[in-house]
Undergrad: 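First the structure, which I've put down as C-alpha cells, then a few questions once you've had a look.
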Amino acid sequence: MKNLLAQLVEQAIGTLQADGTLPAGLDIDVQVERGRGEGHGDFATNTAMRLAKPARRPPRELAQALVDALPPHRYVERVEIAGPGFINFFLTADAAFAVIRDVWEQGEAFGRSRAGEGRRILVEFVSANPTGPLHVGHGRGAAFGSALASLLATAGFDVQREYYVNDAGRQMDILAVSVLLRYLEQRGGAVPFPDNGYRGDYIRDIASGLAERDGDAYRIDTAALTAKLPADASDGGDKEAHVDALVRRSRELLGEARYRAVLDAALEAILADIRDDLGEFGVHFDRWFSERSLTENGAVGRTIERLVEAGHCYEADGALWFRATDFGDDKDRVVRRADGLTTYFASDIAYHLDKFERGFDQLIDVFGADHHGYMARVRASLEAFGYPADRLEFRLVQFAILYRGAERLPMSTRSGEFVTLRELREEVGNDAARFFYVMRRPEQHLDFDLELAKSESADNPVYYLQYAHARICSVLRQLDEQGLDHDPDAGFQALARLTEDHEQALISQLGRFPEVIETAALAHEPHQLAHYLRELAGAFHTYYNAHQFLVDDAGLRNARLNLVLATRQVLRNGLRVLAVNAPERM
RNA sequence: GCCCCGGUAGCUCAGUCGGAUAGAGCAACCGCCUCCUAAGCGGUAGGUCGCAGGUUCGAAUCCUGCCCGGGGCGCCA
C-alpha cells in the first residue's frame with residue numbers, strides 16, 4: 001500500500017515536471033508513512049515540504065499542485081493537505097478489505113518481499129570458542145543472528161548462515177591439556193590442575209568418553225609431565241607460562257598423533273554439544289567454518305604474503321606487523337608472532353577475504369560487544385585488500401543480564417561456572433528465551449528476568465502473543481462445537497460488514513506486516529518485528545473482547561472469521577521468522 | 001587517556017530517512033467474566049527525551065562540548 005501511494009505521488013511529480021511546475025532532474029525519494037493520529041488519514045507524505053526548497057515554492061502550494069496532479073485510484077477515497085504541507089491519504093474500505101484477501105491468497109507467503117532479490121548476504125553469528133558450552137550471552141547472539149537471517153531471507157535475500165569455529169590456537173591446546181589431565185586423574189595419575197585450565201564438569205565427561213573409547217592409550221608418565229615446570233599462579237608463578245609449559249610437555253610425551261587425537265576428541269565433543277544446543281534452540285547454520293582449515297590449506301600464509309607484497313607490513317621485535325594505522329585503526333597489529341605462529345587476527349583476515357571471494361554482496365558479523373575492538377582492525381585489513389569497508393557490517397550484541405525477580409544473577413563465578421544457554425532454555429523454555437532475546441535492540445543491555453519469562457500472565461509478552469494465536473484456534477473449535485459453519489467465499493462477499501472501529505484497526509495492523517518485514521530486514525533489526533507482533537496481538541485481543549465472532553448472522557460471522565483467520569496467519573508468519581511456536585491451545 | 005554502546009514516564013523499553021499533540025508494556029489507581037480461554041479488555045494518572053550550545057521551516061532524531069552508566073584498548077582468542 002505504501003509503495004502504491006508512493007508510485008502515485010511519483011506520477012504526480014512527473015506530471016508537474018512535464019508542465020514545468022517542477023524543475024526537471026530532481027531526484028527525490030517519496031516517503032510515505034502511516035498516519036498516526038485521528039485526523040491525519042491512513043497514510044501521509046511529506047513530499048511537498050521536501051520539494052519546497054529545490055522548487056523554490058511554498059510547501060502548501062506545492063502540496064496543492066501535487067494533489068491536483070495525483071492520478072485517481074480506487075483505493076484512495078480522498079486526499080487532504082494539512083499542517084505545514086503534509087498530504088494525507090484517506091483510503092477506501094476496498095483498500096482495507098484487499099488486505100484480508102491478500103493474506104488468504106498468499107497464506108504463508110504473505111509478508112515475503114523481493115526487496116533483497118538477487119543479493120547474496122552472509123551472516124556470521126555465535127562463533128563462540130569451542131572450549132565449553134554456550135552461555136546466556138551466546139544465546140542472545142544466536143537468537144538475534146538467526147532471527148536476522150530468516151528476516152533477510154523473508155525479504156528476498158539469498159542468505160548464508162555461518163559459524164566461525166575458532167578451532168586453532170593456544171586455547172585449543174589448553175583445552176586438550178585440561179582434558180588430558182582429567183583423563184589421567186581418572187586413570188589414577190592425578191596431576192595438579194593448572195589455574196588457567198578449563199575446569200568445568202564437561203571436561204571430565206569428555207575425559208571419561210576418551211577413556212571409554214581408547215582405554216589407556218594416552219597414559220603418560222605424570223612425573224615426567226610435571227617435572228621442573230614453571231610455578232603456577234597459585235604457587236606464586238605465572239599461570240600463562242605454567243600452562244604453556246604443560247602444553248609443550250604433553251605434546252612431547254604423547255607425540256603429535258596422540259596429542260592431536262585428544263585435542264580432536266575434545267573439540268568434536270564440544271562442537272557436537274554446541275550444535276545440539278543450538279539445534280534445540282531452533283538455530284541452524286549452513287556452514288561451520290573451521291579456522292584451522294585456513295591455516296592447513298595455506299590461506300593464512302597466502303594472505304600474509306599478499307599483505308607483505310602490497311607493502312602493508314613491517315617487522316619489529318621479531319614479529320610481523322600489519323600497518324593497520326594506515327587504514328584508520330588505533331594501532332598496528334601483529335599478524336605473525338616472534339615465535340613464527342600466526343595470530344588469530346591473521347586467520348580472521350583470511351576468513352573475511354574468503355567471504356568476499358565467495359562473492360557475497362554484503363557481510364554481517366554478529367559479535368558480542370566485548371569484541372568491538374576488532375571492528376577497526378578487520379575493516380582496516382579489508383581496505384588494505386581494496387574491499388569497500390561498507391560491505392562489512394558489524395552488529396554488536398550487548399550482554400544479557402539475568403535476574404530472578406529483583407535479584408541479579410552473576411554472569412560467571414570464579415570457579416568458571418556460568419549460566420548456560422541450555423540451563424536457561426530448560427528453565428524458561430525455547431520460545432520465551434528466543435522472544436526475550438530478540439525483543440530489544442541488540443545494542444541495548446538486556447535485562448532478562450527469568451521469573452517474568454516463565455510467568456503465565458499479561459506481563460509476559462511471549463504468552464500474550466501466543467495466547468492470541470491459541471484464542472483464534474479456540475474460536476474455530478467452538479465453531480465446530482456449536483454446529484456453526486464458516487464459508488470463506490461468503491465471508492469475502494460480506495467483508496463490507498466489517499465496519500467496527502476494532503475491525504478497521506485490526507485490518508490496518510495486518511496491512512503493516514509486509515512493511516514491517518521489509519523495514520526490519522533492511523535495517524537489520526528483528527526487534528521491530530517483535531514489537532509489531534505484540535501490537536497485532538493487542539489489536540486482536542481488543543477486538544475479541546469487544547465483539548463476538550460466532551454470531552447467528554451468517555454473513556457477519558463469515559466475514560469476521562475471515563478477518564480472524566487472516567490474523568492467525570499473520571501471527572504465524574511473524575512468529576515463524578522469530579522461530580517462536582504458535583500453539584493451538586494453551 | 002583513546003575507542004564502542006547506552007541515557008526517553010516510578011521500572012523495562014519503542015520511536016524508521018529530521019516531521020504534525022513524544023508512544024507501549026509493567027507497576028499505581030478505578031472498572032469489566034450469564035458471553036468464542038480473564039494467560040484477556042477498558043479507563044485514569046504519570047515526561048526538562050542526561051546537560052549546554054549549534055544547524056533549519058521543523059530536532060528525542062543531525063553536529064560540537066560536557067556529565068553519568070556499561071564494555072574494550074595483548075606477539076589471547
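Note: hydrogens, waters and symmetry copies are ignored here, and every other heavy atom, side chains too, is used.
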Undergrad: Base, sugar-phosphate alone, or nothing: which one does A/L550 contact when heavy atoms must sit under 4.0 Å apart?
TA: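 Since a base atom lies under 4.0 Å of A/L550, the category is base.
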Undergrad: Classify A/H469 by what it touches in the nucleic acid, base, sugar-phosphate, or nothing, heavy-atom distance under 4.0 Å.
TA: nothing
Undergrad: What I want to find out is whether A/D365 reaches A/K355 closely enough, with some N-O distance under 4.0 Å, to be called a salt bridge.
TA: yes
Undergrad: Could you run down nucleotides 70-77 of chain B 5' to 3' and tag each one B, S or - for protein heavy-atom contact under 4.0 Å?
TA: SBSSSBSB
Undergrad: Categorize A/A44 for me: base, sugar-phosphate, or nothing, with a 4.0 angstrom heavy-atom threshold over every strand shown.
TA: base
Undergrad: On RNA chain B, compare the nucleotides closest to A/E584 and A/R512; which residue's is nearer the 5' end?
TA: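 The residue mapped nearer the 5' terminus is A/R512.
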Undergrad: Rounding to a whole Å, what distance do you find between A/D329:CG and B/rC3:P?
TA: 13 Å
Undergrad: When both hydrogen-bonding distances must be under 3.5 Å and the geometry is Watson-Crick or G-U wobble, what is B/rU48 paired with, if anything?
TA: none
Undergrad: Using a 4.0 Å heavy-atom cut-off across all strands, classify A/M172 as base, sugar-phosphate, or nothing.
TA: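 Counting heavy atoms under 4.0 Å across all strands, no contact is made by A/M172.
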Undergrad: With no hydrogens and no angle check, do the side chains of A/E162 and A/Y351 hold a donor and an acceptor under 3.5 Å apart?
TA: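 Checked: A/E162/A/Y351 side chains pair up, N/O donor to acceptor below 3.5 Å.
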Undergrad: Which nucleotide in the list B/rC36, B/rC13, B/rG19 gets nearest to the side chain of A/F86?
TA: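 Looking only at heavy atoms from C-beta outward on A/F86, the closest nucleotide is B/rG19.
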Undergrad: Please give, in whole Å, the distance from B/rG18 P to A/E33 CD?
TA: 12 Å
Undergrad: Under a 3.5 Å cut-off for both contacts, is B/rU16 paired Watson-Crick or G-U wobble with anything, and if yes, with which nucleotide?
TA: none
Undergrad: In whole Å, what separates the P atom of B/rG65 from that of B/rC4?
TA: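 Each nucleotide's P atom is 11 Å from the other's.
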Undergrad: For B/rC41, does OP1 or OP2 lie under 4.0 Å from any side-chain N or O of A/Y464?
TA: yes
Undergrad: If I take atom NE2 in residue A/H541 and atom P in nucleotide B/rA39, what distance separates them, rounded to the nearest angstrom?
TA: 11 Å
Undergrad: Give a yes or no on whether a salt bridge exists between A/R170 and A/D244, defined as a side-chain N under 4.0 angstrom from a carboxylate O.
TA: yes
Undergrad: Reckon A/E443 touches a base, only the sugar-phosphate, or nothing at all at heavy-atom distances under 4.0 Å?
TA: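 Touches sugar-phosphate only.
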Undergrad: 5'-most contact on RNA chain B: A/Y544 or A/M375, nearest heavy atom basis?
TA: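 The residue closer to the strand's 5' end, by nearest nucleotide, is A/M375.
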Undergrad: I'd like to know if A/D264 and A/R292 make a salt bridge, using a cut-off of under 4.0 Å between side-chain N and carboxylate O.
TA: yes
Undergrad: Counting only side-chain nitrogens and oxygens, does A/H502 get under 4.0 Å of the OP1 or OP2 atom of B/rC41?
TA: no
Undergrad: Check the distance between B/rC5's P and A/Q444's CD and give it to me in whole angstrom.
TA: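 Rounding to the nearest Å, CD of A/Q444 and P of B/rC5 are 13 Å apart.
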Undergrad: Under a 3.5 Å cut-off for both contacts, is B/rG25 paired Watson-Crick or G-U wobble with anything, and if yes, with which nucleotide?
TA: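 Across all strands, the one nucleotide that pairs with B/rG25 is B/rC11.
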Undergrad: Regarding A/D173 and A/R248, does a basic nitrogen lie under 4.0 Å from an acidic carboxylate oxygen?
TA: no
Undergrad: For the side chain of A/Q482, counting heavy atoms from C-beta on, which of B/rG6, B/rG19, B/rC36 is nearest?
TA: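 It is B/rC36.
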Undergrad: Please confirm whether the shortest side-chain N or O distance from A/R534 to OP1 or OP2 of B/rC13 is below 4.0 Å.
TA: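 Indeed not, no polar side-chain atom of A/R534 lies that close.
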Undergrad: Can you tell me how far P in B/rC66 sits from the matching atom in B/rC3, rounded to whole Å?
TA: 10 Å
Undergrad: Can you figure out which of B/rC36, B/rC41, B/rA14 approaches the side chain of A/S474 most closely?
TA: B/rC36
Undergrad: Which is it for A/D332 and A/Y314 under the side chain to side chain donor-acceptor pair (under 3.5 Å) test, yes or no, and what are the steps along the way?
TA: CA-CA 10 Å; A/D332 292 338; A/Y314 61 91; 2.7 Å; yes
Undergrad: Tell me: CG of A/L465 to P of B/rA39, nearest whole Å?
TA: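 Taking atom P of B/rA39 as the reference, CG of A/L465 is at 16 Å.
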Undergrad: Is B/rG42 paired to anything, Watson-Crick or G-U wobble with both distances less than 3.5 Å, and if yes, which nucleotide?
TA: B/rC30
Undergrad: Partner of B/rG6 by Watson-Crick or G-U wobble geometry, both contacts under 3.5 Å, or none?
TA: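 Partner of B/rG6: B/rC68.
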Undergrad: With a 4.0 Å cutoff (strictly under), does any side-chain N or O of A/R560 reach OP1 or OP2 of B/rC36?
TA: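 False: A/R560 side-chain N/O out of range (4.0 Å or more) of B/rC36 OP1/OP2.
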Undergrad: Less than 6.0 Å separating the ring centroids of A/F125 and A/Y163?
TA: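 Centroid separation for A/F125 and A/Y163: 6.0 Å or greater.
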Undergrad: Could you work out the separation of B/rG47 and B/rC11 based on their C1' atoms and round it to a whole Å?
TA: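 It works out to 15 Å between them.
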Undergrad: Taking a pair as Watson-Crick or G-U wobble with both distances under 3.5 Å, which nucleotide is matched to B/rG1?
TA: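 Answer to the pairing question: B/rC73, which forms a Watson-Crick or G-U pair with B/rG1.
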Undergrad: Taking only Lys NZ, Arg NE, NH1 and NH2, and the carboxylate oxygens of Asp or Glu, determine whether A/R395 and A/E443 approach each other closer than 4.0 Å.
TA: yes
Undergrad: If the threshold is 4.0 Å, N to carboxylate O, is there a salt bridge linking A/K454 and A/E427?
TA: yes
Undergrad: Is B/rC33 syn or anti, taking syn as a glycosidic angle within 90° of 0?
TA: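 In terms of base orientation relative to the sugar, B/rC33 is syn.
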